There are 4 protein chains.
Amino acid sequence: MKKQGVKERIIETASDLFYNNGYNQTGINQIIAEAGVAKASMYQHFRSKEDIAVAYLKQRHINWMGSLQDFVSSKKTNKEKVIASFDYLESWLSSVNYRGCGFQNIICDLPQDQHKIKDQVLLHKTDVKKLIDILLHEDSNQEDLANEILVLLEGAIILSQIQKNSWPIKAAKRAAIKLLD
Amino acid sequence: MKKQGVKERIIETASDLFYNNGYNQTGINQIIAEAGVAKASMYQHFRSKEDIAVAYLKQRHINWMGSLQDFVSSKKTNKEKVIASFDYLESWLSSVNYRGCGFQNIICDLPQDQHKIKDQVLLHKTDVKKLIDILLHEDSNQEDLANEILVLLEGAIILSQIQKNSWPIKAAKRAAIKLLD
Amino acid sequence: MKKQGVKERIIETASDLFYNNGYNQTGINQIIAEAGVAKASMYQHFRSKEDIAVAYLKQRHINWMGSLQDFVSSKKTNKEKVIASFDYLESWLSSVNYRGCGFQNIICDLPQDQHKIKDQVLLHKTDVKKLIDILLHEDSNQEDLANEILVLLEGAIILSQIQKNSWPIKAAKRAAIKLLD
Amino acid sequence: MKKQGVKERIIETASDLFYNNGYNQTGINQIIAEAGVAKASMYQHFRSKEDIAVAYLKQRHINWMGSLQDFVSSKKTNKEKVIASFDYLESWLSSVNYRGCGFQNIICDLPQDQHKIKDQVLLHKTDVKKLIDILLHEDSNQEDLANEILVLLEGAIILSQIQKNSWPIKAAKRAAIKLLD
DNA sequence: AATGAATGAGCGTTCATTCAT
DNA sequence: GATGAATGAACGCTCATTCAT
């Protein structure tokens, strides 16, 4: 049971809670209770709740980007990969715990001073942008196109969360296909 | 002195605080202090904090939709109006207190059970969708197109908030123009 | 039982605890438990622990000065009154809960930023100084003399506390008599 | 690198912190962090925080008494030495980190049971008393006089700390001169 | 001799809501 | 219609100390 270390258990527990219940709705006490860790032990590994959130976002970033790249890797051309990223969104939406983008969600209602979290969110979005940029790097005016794809991705995520429906993802995919032609 | 009624003063104060500082970051005490209202008076007008949020969202919906329609009304054709809606986003972004979409923001980190708020957000997004739908109602396959525009609008808002930059709006507008051609 | 209001009960309880057990040793929880008050009720009357300390010191100032003036009032001449103030110290020392000067004590091990408390202590000592000044106001070089008496008073208090003995008070009184001759 | 031993480094660090920031304001973690010592190592040298305080007071006692004796040693007569001890206070007050008497300070807001610390404070004050006693040992009624000088010394220290001014020391010196004549 | 992870208890403070008047 | 006092629960965080290695 206690195979993994305390720190990992805290991050895992906090990740579940932060994503599914929200950052402000998740208290330190809940995290330590579910992780089975003493409060002071937790604060030995993380200086603050904000720092736990940063660890959560870092891990989520790695997982999410990895899943996305795995998903699109089967496609041959870069254009197909870009389009497939919308299929990835749809498969992600179907997962049991879909609550939209963890990075968008945490930034929306954040105390003013939590800059470390905001930086982490920006870093994630920047990496997504880089990925699309690379896939579309061949032509000259592709940066513009990459930005448009990005907007579609973000819009599809937030709108599918609000609407609790996949039509925004389908619409985004259609639009992407048109723009890429 | 007390030109407007108690209820209006509470809504106005709460609106400022909810939008600019965030829903979870805004306490009841802060609202009544800044509104100059006794606590029990506030609870006479609103059963809970959630109800204040609903009132805030209702008013914000009216204001936002009104501003958007004002902005695009000068354009002649419906197509131009749709494109102008992205210019509206950009002018909105330039306003002093831009913090993204109040509806997106409040829904992102919300206690699980606050359905009234979620309903209000959905209602707002549905009305935006209706507006775009109407502007593009002439042709048969326009509902698809309207949905794509919607995704671009939402993506432009959330991404410009995260990036603290207007490039997502510009990209969304470019994409919209291509899709509308 | 509940004749007096909540605020008074908090001050009274906190006064006992702050003086007898020390400011840092006394927790908010202990105060509210012994006062029989809910925590949030306490924070409705006092913004912070520091503010409770200020209220404690203000009341202690009034009581202490009143007792001193009562004690010396029976003496005829001002000189006798000054000397009697040392007798007051000695009678005070004999009281059950003597723990030295509450103002000296609280200032000695205080977080750096608690200026309101420090101000209150200074105010108390300044008022004691004023009292002695007035009693010795007749001659020209009496301010010097008053300051010397003050030093003797303070020294007698702190040293009797450390030594747990009244000899410092007796010594101070002897010295005062010599200086006043 | 590690010129001095672990124990010495702990005492030195704790001394700075205890005197300048206060005993209750100084945490174990801060001490070991600034001393660059592991927590368990610290507890190998000291059974408790109280024991560190005792070591701090012991060293402070030696240093303070030494400085005082150095300062007054240049004076010829014993009477001059006693008077010079007030000049010593004034030079001490001018030092950058003057925060009053470390022994007075630590005793003022102390958990009830920390007897070891209280004993150490008493020991220090007793030694100061001895020093003055010896300097004034010639005549018969000098013990009384020595006690009066002591009261002046203590009063000068505590009052100069509260007032953040040297007038109490000057007043004490004036009084001492009169008493010694 | 030395380590750093782990702990239970407590810190001061704030929350949204209710109640008696 | 309006008030402000009162509340239980929870907040994020720090304390001095101990333990297994």
Side-chain angles (χ1 to χ4, degrees), chain A residues 2 5-7 10 24-33 36-53 111 114, chain B residues 2 5-7 23-33 36-53 111 114, chain C residues 2 5-7 10 24-33 36-53 111 114, chain D residues 2 5-7 23-33 36-53 111 114:
Chain A
K2 287 206 169 189
V6 176
K7 188 162 189 174
I10 294 170
N24 288 296
Q25 267 51 55
T26 303
I28 289 288
N29 289 322
Q30 197 180 353
I31 295 172
I32 61 164
V37 171
K39 194 176 281 192
S41 302
M42 201 221 74
Y43 274 96
Q44 195 130 16
H45 292 287
F46 301 95
R47 306 173 76 92
S48 66
K49 189 186 176 187
E50 187 182 14
D51 279 13
I52 304 178
Q114 316 250 310
Chain B
K2 289 199 174 188
V6 173
K7 190 163 188 172
Y23 178 67
N24 288 295
Q25 270 53 57
T26 302
I28 289 288
N29 288 323
Q30 195 182 354
I31 295 172
I32 60 163
V37 170
K39 189 171 281 191
S41 301
M42 198 221 73
Y43 273 95
Q44 204 130 12
H45 291 287
F46 301 95
R47 304 174 75 93
S48 66
K49 188 185 177 187
E50 187 181 13
D51 280 13
I52 305 178
Q114 316 250 315
Chain C
K2 285 205 171 189
V6 176
K7 189 163 188 173
I10 294 170
N24 289 295
Q25 268 52 55
T26 303
I28 290 288
N29 290 321
Q30 197 180 354
I31 295 173
I32 61 164
V37 171
K39 196 175 278 194
S41 303
M42 201 220 75
Y43 274 96
Q44 197 130 14
H45 292 287
F46 301 95
R47 307 173 76 91
S48 66
K49 189 186 177 188
E50 187 181 14
D51 278 14
I52 304 179
Q114 318 251 310
Chain D
K2 289 197 172 189
V6 173
K7 190 162 186 173
Y23 178 68
N24 287 295
Q25 271 52 57
T26 303
I28 289 288
N29 288 323
Q30 195 182 355
I31 294 173
I32 61 164
V37 170
K39 189 170 282 193
S41 299
M42 198 221 75
Y43 272 96
Q44 205 131 11
H45 290 287
F46 301 95
R47 305 175 74 94
S48 67
K49 188 184 177 187
E50 187 182 13
D51 279 13
I52 305 179
Q114 316 250 316

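These figures come from a predicted structure and were not determined experimentally. FYI, side chains are in, hydrogens and waters are out, and symmetry mates aren't considered; it's all heavy atoms of this structure. To find a chain, count down the sequence lines: A is the first, B the second, and so on, and within it residues start at 1.
What separates CD1 of A/I32 from C1' of E/dA6 is a distance of 12 Å, to the nearest Å. D/Q25 places its CD atom 14 Å from the P atom of F/dT14, with the value rounded to the nearest Å. Rounding to whole angstrom units, CD1 of residue B/I31 and C1' of E/dT14 are separated by 14 Å. Following rounding to the nearest Å, B/Y23 (OH) and E/dC15 (C1') show an atom-to-atom distance of 12 Å. Atom NZ of B/K39 and atom C1' of E/dT17 are 8 Å apart (whole Å).
Taking 4.0 angstrom as the limit, C/N29 places a side-chain polar atom (N or O) nearer than this to OP1 or OP2 of E/dC11.
With a cut-off of 3.5 Å on both pairing distances, the Watson-Crick and G-U wobble pairs of DNA chain E assemble into stems of 3 or more at E:2-21 with F:2-21.
Here B/K49 pairs with nothing under the side chain to side chain donor-acceptor pair (under 3.5 Å) rule; sequence neighbours left out. Under the side chain to side chain donor-acceptor pair (under 3.5 Å) criterion, A/Q25 pairs with B/N24, sequence neighbours left out. Taking the side chain to side chain donor-acceptor pair (under 3.5 Å) definition, one finds that C/K7 meets it with nothing, sequence neighbours left out.
Backbone-only contact: C/V6 has heavy atoms under 4.0 Å from sugar-phosphate atoms and none from a base.
The two residues C/N29 and C/I32 come nearest to each other via the heavy atoms O-CG1, 3.2 Å.
If you find the closest nucleotide of DNA chain E to A/A40 and to C/Q30, the one lying nearer the 5' end belongs to A/A40.
Scanning residues 41-52 of chain D for heavy-atom distances under 4.0 Å to DNA chain F yields D/Y43, D/S48, D/K49.
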For C/I52 and C/I28, run side-chain contact (heavy atoms from CB on, under 4.5 Å): C-alpha distance rounded to whole Å, both residues' side-chain angles, the deciding distance at 0.1 Å, then the answer. CA-CA 10 Å; C/I52 304 179; C/I28 290 288; 4.1 Å; yes
Let me have the donor-acceptor pairs involving side chains of residues 40-48 of chain B, under 3.5 Å, with sequence neighbours excluded, atom names and distances please.
residue	atom	partner	partner atom	Å
B/S48	OG	B/E50	N	3.3
B/S48	OG	B/D51	N	3.3

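Proximity note for B/I28 (side chain, C-beta onward) versus F/dC11, F/dA2, E/dT17: the nearest is E/dT17.
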